[in-house]
Amino acid sequence: MPLLPVRWRWLVASGFLLCAPIVAGMAWLVLTALFDRVHGLVPAGPLAPENWAFVGSPSVGGRPPAVVALLNSVLFSFAVAAVAIVVASMAAYAISCLHFPGRSLYLAVVLVLHAFPAVSLLIAIFYILRVLGLFDTLVGVILVKTALELPLGIWLMKGFFDFLSWEMEMAALVDGMSRWGVFWKVALPMVRPGLLALGTFALLSAWGEFILPFTLIVSSRSWTLATYLQSFLTEAFTDFGMVAAVGLFYALPVLVLFGLGQRYLLNLYGGGVKG
Amino acid sequence: MRGIEVRLEGLSKHFGRVVALRSLDLEVRAGEMVAFLGPSGCGKTTTLLLVAGIYRPTTGAIYFGDRRVDGLHPRDRDVGMVFQSYALYPHLTLFENIAFPLRLKRRPEAEVRAKVSQTAELLGIGHVLDRRPGQVSGGQQQRAALARALVKEPQVLLLDEPLSNLDAQVRLQARAEIRRLQRDLGVTTILVTHDQAEALAMADRVAVFSTGEVQQYATPLELYQRPQNTFVAGFVGHPPMNVVRGRLEDGTFEADGWRCRVPRLSYRGEGYLGVRPEDLRVGGEVEARVLVAETLGREQLVTVRVGATELKLLAAQADGFAADSVVKLDIPPDRVHLFDAAGRRIG
C-alpha cells in the first residue's frame with residue numbers, strides 16, 4: 001500500500017488523537033477487570049479471578065444470579081428487535097405503499113412521538129402498566145421500549161419501501177398474488193437490508209437500555225444486565241475490579257454478536273435491487 | 001388461447017380532486033390489438049390499470065365478454081401484463097420469473113416446466129432461462145416479461161410501454177415480433193404507448209387520449225386521413241400536420257396575411273385549417289419565404305413563412321430550397337382538413 005498523502009496523514013493523526021481517551025478507558029476497563037490493582041494503565045498486582053466470582057455465584061445481596069440477568073437482557077433485546085421489525089415494517093409499508101385517509105398526518109405524529117424523551121413519559125407509562133397489570137414484568141418493559149423504537153424504525157423502513165419498484169408489486173398482483181402475499185414475498189425480501197439495520201439498531205438500543213428496566217422492574221428475577229450492573233455501584237463501597245468485570249461481561253455478548261455478524265452488517269447497503 | 005371482447009362503459013377515475021379519466025366508453029373486439037396513444041398524463045395508463053384491476057374505477061363498468069370484472073381482484077381477471085420496467089423479480093432466474101404465475105396457481109411441476117420452456121422457446125429466450133434478469137440484455141428481459149405475461153394463457157394481454165426501454169434497433173424488431181405473436185395467439189391486447197409510430201404500426205385500432213378523454217378511436221389509416229379534431233390532427237403523423245387558425249368563408253380560408261382555396265362548406269367563421277407537410281407542394285399561388293431546410297435523408301423538411309404563419313413541408317431532397325428565397329406554394333383543396341372554432345372536424 002502506498003504511503004498516505006501528507007494532508008491525509010494529519011487527518012489520520014488527529015483522528016487517533018481524538019480516539020485515544022476512549023481507547024484508554026476501554027483498556028482500563030479490561031485491565032481493571034483482570035488484575036488486582038492497576039496504576040494508570042499498568043497492572044500492579046496479580047491476576048484477580050475473584051473479580052469474576054459473580055458469574056457463578058447464586059443470588060447475593062438481593063441480586064439474581066448473573067446468568068438470569070444475562071438471559072433477561074438477551075430476551076429483552078431480541079424481543080424488542082423482533083417486535084420492532086414486525087410492527088415498523090408493516091406500518092411503514094402501509095404508509096409508503098397504500099393510500100388511506102390521514103396518511104401524512106399519521107406520519108407527522110409518528111415523528112412528534114420521537115421527540116419525547118423517554119424519561120418525560122415515565123410517570124404516565126408507570127400508571128398505564130399498573131392498570132394493564134404489566135408493571136414489574138419483562139413483557140411490559142419490552143412493549144414500552146419497542147414503542148419508543150418504533151418512530152425511528154417506521155421512518156427508516158418507509159425510506160426503504162419508498163424505493164421499491166411499484167410495478168414489481170403490481171406485476172405480482174396481476175400474476176395472482178394477494179395483497180398480503182405481495183407484502184411478504186415480494187416487498188419484504190427486497191428490503192432485507194433495512195430490516196437488518198432496524199433489527200441491529202433496536203437490539204443494541206435495548207441492550208444498553210437502563211432507565212426503563214430500572215424504573216419499571218422491581219423484582220430482581222426480571223432484572224436485566226443494566227440494572228444488575230447498577231446494583232454494584234453502591235454509595236458505601238464500590239469494588240471497581242468487580243464493576244469492571246461485570247461491565248465487561250455486559251459488553252461481551254454484543255462484541256461476539258458483532259464479530260459474527262460483521263460481514264452482514266457491513267453489507268447493509270450492498271444488496272439493492274438491480275434492474 | 002382465445003381472446004375475449006373487452007368493454008368499458010362510462011368508466012371514470014378520480015384521484016382526490018384530480019380527474020384522471022372522465023366517462024370512457026370503448027370496446028375492444030375479441031383477438032383485436034388496440035393501442036392507447038397519448039402524451040403523458042392523458043389517462044391512458046390509468047385506463048390500463050383499471051382494466052388490470054390495480055385501480056378501482058370511480059364510476060362505470062368493465063366487461064370481459066359477458067363477465068363484469070371491475071369488482072374483481074387482479075388475479076381473478078385472467079389478464080397478463082407487461083410493465084415498462086418489466087418488473088422482473090431480480091432474485092429469481094428467468095425460468096422462475098416466467099414460472100411465477102403458474103407456481104401461484106399451484107400447477108404440477110411437470111406442467112410448469114413444459115409451459116415455461118414452450119413459452120420461452122416461442123420468444124427465443126430458451127437458452128438463458130437459468131440466468132437472472134440482471135445478467136441478460138434489455139431485449140431478453142423484455143421477452144421474459146412478455147413470457148411471464150403469456151405463460152398463464154390470459155384472455156387479455158396488457159402492455160404498458162413495453163418497448164420504451166429498448167434500443168431503437170431492438171425496438172423495431174420487438175414491435176414486429178409482438179404483433180406476429182399476438183396475431184398467432186389471438187389474444188385480445190391493449191398496448192399503451194406515447195410513441196405514435198409504435199401505435200400505428202402495431203395496432204388494429206388506436207384510441208388517442210388527451211386530458212382524460214378519448215379524442216378519437218379508429219384504425220391507424222383513418223386517424224391519419226380523417227382526424228376528428230385538431231388535437232388528433234397535430235398528434236398523429238410525423239412530422240406533425242400544420243394546423244393554422246383563421247377564418248373560413250365561402251370556399252376560402254383566410255389567415256393572417258394570406259388566403260387559400262378550400263372546399264365549400266356551410267360553416268362560416270373562425271376555424272382551423274390543417275394540411276400535412278407531405279401534401280404541400282411547390283407551384284401554386286400562395287407566396288412563401290423559405291426559412292430553413294432540414295435534411296431528413298430521403299426527403300427534406302422545409303420551414304416556410306406565409307404571411308405571419310410558419311408552415312412545414314416535405315420535399316424531395318433534390319429540390320433546392322435556398323434560405324430567404326421566395327417560393328409559390330400549392331395547398332391542394334382536396335388534401336386539407338377543416339375544423340370549426342372548437343377544433344372539431346367539419347371537412
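All values below come from the heavy atoms of this structure, side chains included, with hydrogens, waters and symmetry mates left out. So you know, we letter chains A, B, ... as the sequences are listed, proteins then strands, and number each from 1.
The contact list for residues 170-183 of chain A toward chain B, using heavy atoms and a distance under 4.5 Å, reads Met170(A), Ala171(A), Ala172(A), Leu173(A), Val174(A), Asp175(A), Gly176(A), Met177(A), Ser178(A), Arg179(A) by residue number. Inspection of non-hydrogen atoms places no residue of residues 145-153 of chain A under 4.5 Å from chain B.
Atoms CZ and CD, from Arg113(B) and Gln118(B) in turn, are 15.0 Å apart once rounded to the nearest 0.5 Å. Between Phe201(A) atom CZ and Ile85(A) atom CD1 the span is 12.0 Å, to the nearest 0.5 Å. Separation of atoms CG (Asp130(B)) and CZ (Phe95(B)) is listed at 10.5 Å; rounding is to 0.5 Å. Note that the NE2 atom of His14(B) and the CG atom of Leu21(B) stand 8.5 Å from one another [nearest 0.5 Å].
For chain A, no part of Asp76(B) is nearby; none of its heavy atoms comes within less than 4.5 Å. Proximity to chain A (any heavy atom under 4.5 Å) is restricted, for Tyr55(B), to the side chain, taken from C-beta onward. Heavy atoms of Leu102(B) lying under 4.5 Å from chain A are absent altogether.
You'll find the side chain of Ile4(B) reaches within 4.5 Å of the side chain of Val156(B), heavy atoms only.
Using a 3.5 Å distance cut-off with no hydrogens or angles, the side chains of Ser96(A) and Asp162(A) do pair a donor with an acceptor.
Residues that satisfy the ring pair (Phe, Tyr, Trp, His ring centres under 6.0 Å) test with Phe100(B), not counting sequence neighbours, are Tyr89(B). For Gln135(B), there are no side chain to side chain donor-acceptor pair (under 3.5 Å) partners at least two apart in sequence or on another chain.
Distance alone, capped at 3.5 Å, is enough to place a donor-acceptor pair between the Ser73(A) side chain and the Leu225(A) backbone.
The residues Arg183(B) and Glu32(B) are annotated as not salt-bridged, no charged nitrogen and carboxylate oxygen being separated by less than 4.0 angstrom. The existence of a salt bridge linking Arg175(B) and Glu177(B) is excluded, since no basic side-chain nitrogen approaches an acidic carboxylate oxygen closer than 4.0 Å.
The candidate with the highest count of non-hydrogen atom pairs below 4.5 Å against chain A, out of Met81(B), Arg132(B), Arg148(B), is Arg148(B).
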